[in-house]
Amino acid sequence: MKHLKIIRILPFVVMALLISMANAQIAAGVYLSDHDNTQHELKINKGYLTYSVYKLDPAEFIKTVGGFYTADEKMLKVQLEFNSDFEKDGIRALEMPFSMDGDKIIIHMEDAITFEKKESLNQALDGQWLFATRGPDTGQERRGDENPRKTLKFLMDGRFQWIAYQTETMAFSGTGGGSFTSVDGVYTENIEFFSRDNDRVGARLEFNYEIKGDDWHHTGNNSRGEPMYEIWSRRN
């Protein structure tokens with residue numbers, strides 16, 4: 001009986017190892033490409049990526065996509081969780097030819113785009129977070145990964161992005177991102193792109209944070225100056 005269990009489990013172990021080996025060639029991190037005044041930004045970590053495109057001056061949001069990826073030697077395959085252009089193109093999955101040149105990623109689409117790896121920077125709050133509930137935590141119902149309606153925050157190497165989306169319908173509600181710091185209980189965002197209003201670019205927002213278990217308690221005033229208390233749950 002024990003041997004039968006091992007035989008049943010083995011294919012899943014092999015598959016997990018193959019996926020891990022395939023993704024291992026792309027180092028986790030933030031990759032940037034400034035191409036004709038247009039910033040291309042990749043965040044890659046733990047089998048998940050986001051890819052955002054926006055103009056720098058004047059500020060203009062162009063698009064963002066993200067989801068779970070696998071990679072072989074030549075192809076980056078992404079099962080999308082969100083696609084800001086879904087209403088126009090209906091795309092739920094991407095296959096992007098790519099190659100590596102040291103730490104650089106080269107995406108071969110209509111034009112080759114070379115991404116430089118940003119220097120690593122470890123801070124509190126690094127990782128992926130899903131919005132769970134409004135605080136304070138009094139046992140109210142929480143949103144989780146099983147809920148198709150999601151708001152994700154992806155923080156890595158001093159860069160942040162939030163995305164609001166629906167995984168079943170692929171409805172896209174908005175995104176924003178830029179640089180951040182999280183030091184001694186103070187979380188600061190510097191907005192560099194914002195899908196709902198390009199005029200918001202350049203804003204600096206400061207909040208308080210506290211980590212409680214796997215939850216991030218996020219407090220302060222929102223961009224309209226109104227008090228807010230949000231609880232985010234660590235996704236990985």
Side-chain angles (χ1 to χ4, degrees), residues 28-31 41-52 64-69 80-82 84 118-167 171-197 200-236:
V30 175
Y31 295 80
E41 180 169 338
L42 274 171
K43 294 183 189 68
I44 298 178
N45 195 28
K46 296 183 178 179
Y48 198 91
L49 68 77
T50 63
Y51 180 13
S52 301
T64 190
V65 296
F68 300 94
Y69 81 92
L80 296 177
E81 277 204 309
F82 60 87
S84 61
K118 187 181 182 299
E119 183 178 355
S120 297
L121 174 63
N122 296 321
Q123 297 186 87
L125 302 180
D126 284 349
Q128 296 171 37
W129 303 83
L130 288 174
F131 176 79
T133 188
R134 302 288 175 188
D137 190 359
T138 56
Q140 63 268 43
E141 186 177 354
R142 295 162 63 103
R143 258 198 266 161
D145 231 334
E146 71 285 349
N147 193 313
R149 181 185 170 212
K150 292 179 172 64
T151 303
L152 171 70
K153 277 194 175 183
F154 195 167
L155 285 75
M156 191 176 196
D157 293 340
R159 304 292 298 175
F160 83 95
Q161 183 179 2
W162 64 265
I163 316 101
Y165 57 98
Q166 217 274 10
T167 55
F172 177 80
S173 298
T175 190
S179 65
F180 83 95
T181 58
S182 53
V183 181
D184 296 332
V186 178
Y187 169 69
T188 305
E189 294 181 344
N190 299 288
I191 299 175
E192 297 178 20
F193 63 93
F194 192 80
S195 65
R196 296 170 180 168
D197 183 358
R200 292 279 299 281
V201 172
R204 180 177 181 273
L205 305 176
E206 190 173 288
F207 306 93
N208 301 312
Y209 74 87
E210 184 178 1
I211 302 297
K212 297 182 179 181
D214 286 332
D215 287 345
W216 162 13
H217 289 245
H218 179 66
T219 58
N221 293 325
N222 62 23
S223 58
R224 297 182 296 275
E226 302 164 344
M228 52 157 281
Y229 189 155
E230 298 174 343
I231 299 175
W232 296 74
S233 180
R234 188 177 292 278
R235 194 178 203 188
N236 56 39

Colleague: Does any N or O in the side chain of Asn208 come within less than 3.5 Å of the main-chain N or O of Val186, such that one atom is a donor and the other an acceptor?
Modeller: no
Colleague: Using atom types as modelled and distance alone, determine if a side-chain donor or acceptor of Ser84 lies under 3.5 Å from a backbone N or O of Thr64.
Modeller: yes
Colleague: Heavy atoms, side chains only, cut-off 4.5 Å: are Leu152 and Tyr48 in contact?
Modeller: yes
Colleague: Which value, rounded to the nearest 0.5 Å, describes the distance between Met228 atom CE and Thr219 atom OG1?
Modeller: 7.5 Å
Colleague: Glu192 and Glu41: side-chain contact (heavy atoms from CB on, under 4.5 Å), yes or no, with the steps?
Modeller: CA-CA 11 Å; Glu192 297 178 20; Glu41 180 169 338; 5.5 Å; no
Colleague: Give the intermediate values and the outcome of side-chain contact (heavy atoms from CB on, under 4.5 Å) for residues Glu81 and Phe68.
Modeller: CA-CA 8 Å; Glu81 277 204 309; Phe68 300 94; 3.7 Å; yes
Colleague: Do side-chain atoms of Arg196 reach the backbone of Ser173 as a donor and acceptor pair under 3.5 angstrom?
Modeller: yes
Colleague: Flag yes if more than 12 heavy atoms outside Glu141 fall under 6.0 Å of its CD atom; otherwise flag no.
Modeller: no
Colleague: Closest heavy-atom contact between Phe194 and Val201?
Modeller: N-CG2, 4.2 Å
Colleague: Closest heavy-atom contact between Asp214 and Trp129?
Modeller: O-CZ3, 3.6 Å
Colleague: Drop me the distance from Tyr51's OH to Ile44's CD1, to the nearest 0.5 angstrom.
Modeller: 11.0 Å
Colleague: Could you grab the distance from atom CG of Leu130 to atom NZ of Lys150, nearest 0.5 Å is fine?
Modeller: 6.5 Å
Colleague: What is the distance from atom CG of Asn190 to atom CZ of Phe160, rounded to the nearest 0.5 Å?
Modeller: 7.5 Å
Colleague: Taking all atoms of both residues into account, what is the closest heavy-atom pair of Val65 and Phe82, and its distance?
Modeller: C-CE1, 3.2 Å
Colleague: Measure up the His217 and Tyr229 rings against each other and bin them: parallel (under 30°), tilted (30 to 60°), perpendicular (over 60°).
Modeller: perpendicular
Colleague: Given the rule in the side-chain contact (heavy atoms from CB on, under 4.5 Å) test, do Arg134 and Glu230 qualify, once you have shown the distances and angles that lead to the verdict?
Modeller: CA-CA 5 Å; Arg134 302 288 175 188; Glu230 298 174 343; 3.1 Å; yes
Colleague: Indicate yes or no for a side-chain donor-acceptor contact from Lys43 to the backbone of Met156 under 3.5 Å, with no hydrogens or angles considered.
Modeller: no
Colleague: Show the nearest heavy-atom pair for residues Ser195 and Phe172, with the distance to one decimal.
Modeller: OG-CE2, 4.3 Å
Colleague: Whether the side chain of Thr175 engages the backbone of Trp162 through a donor-acceptor N/O pair (distance < 3.5 Å, no angle test) should be reported.
Modeller: yes
Colleague: Ion pair present between Glu189 and Arg204, side-chain N to carboxylate O less than 4.0 angstrom?
Modeller: no
Colleague: Among residues at least two apart in sequence or on other chains, which ones pass side chain to side chain contact (heavy atoms under 4.5 Å, CB included) with Ser182?
Modeller: Gln123, Ala124, Leu125, Phe180, Tyr187, Tyr209
Colleague: Taking all non-hydrogen atoms of both residues, which atom of Asp157 and which atom of Asp126 are closest, and how far apart?
Modeller: N-OD1, 4.4 Å
Colleague: In terms of heavy-atom contacts, does CG of Asp145 have more than 12 from other residues, nucleotides or ligands at under 6.0 Å?
Modeller: yes
Colleague: To check you understand the geometry: which heavy-atom pair defines the closest contact between Arg149 and Arg143, and what is its length?
Modeller: O-CD, 3.3 Å
Colleague: From the options Asp215, Asn147, Thr133, select the one residue that forms a side chain to side chain donor-acceptor pair (under 3.5 Å) with Arg142.
Modeller: Asp215
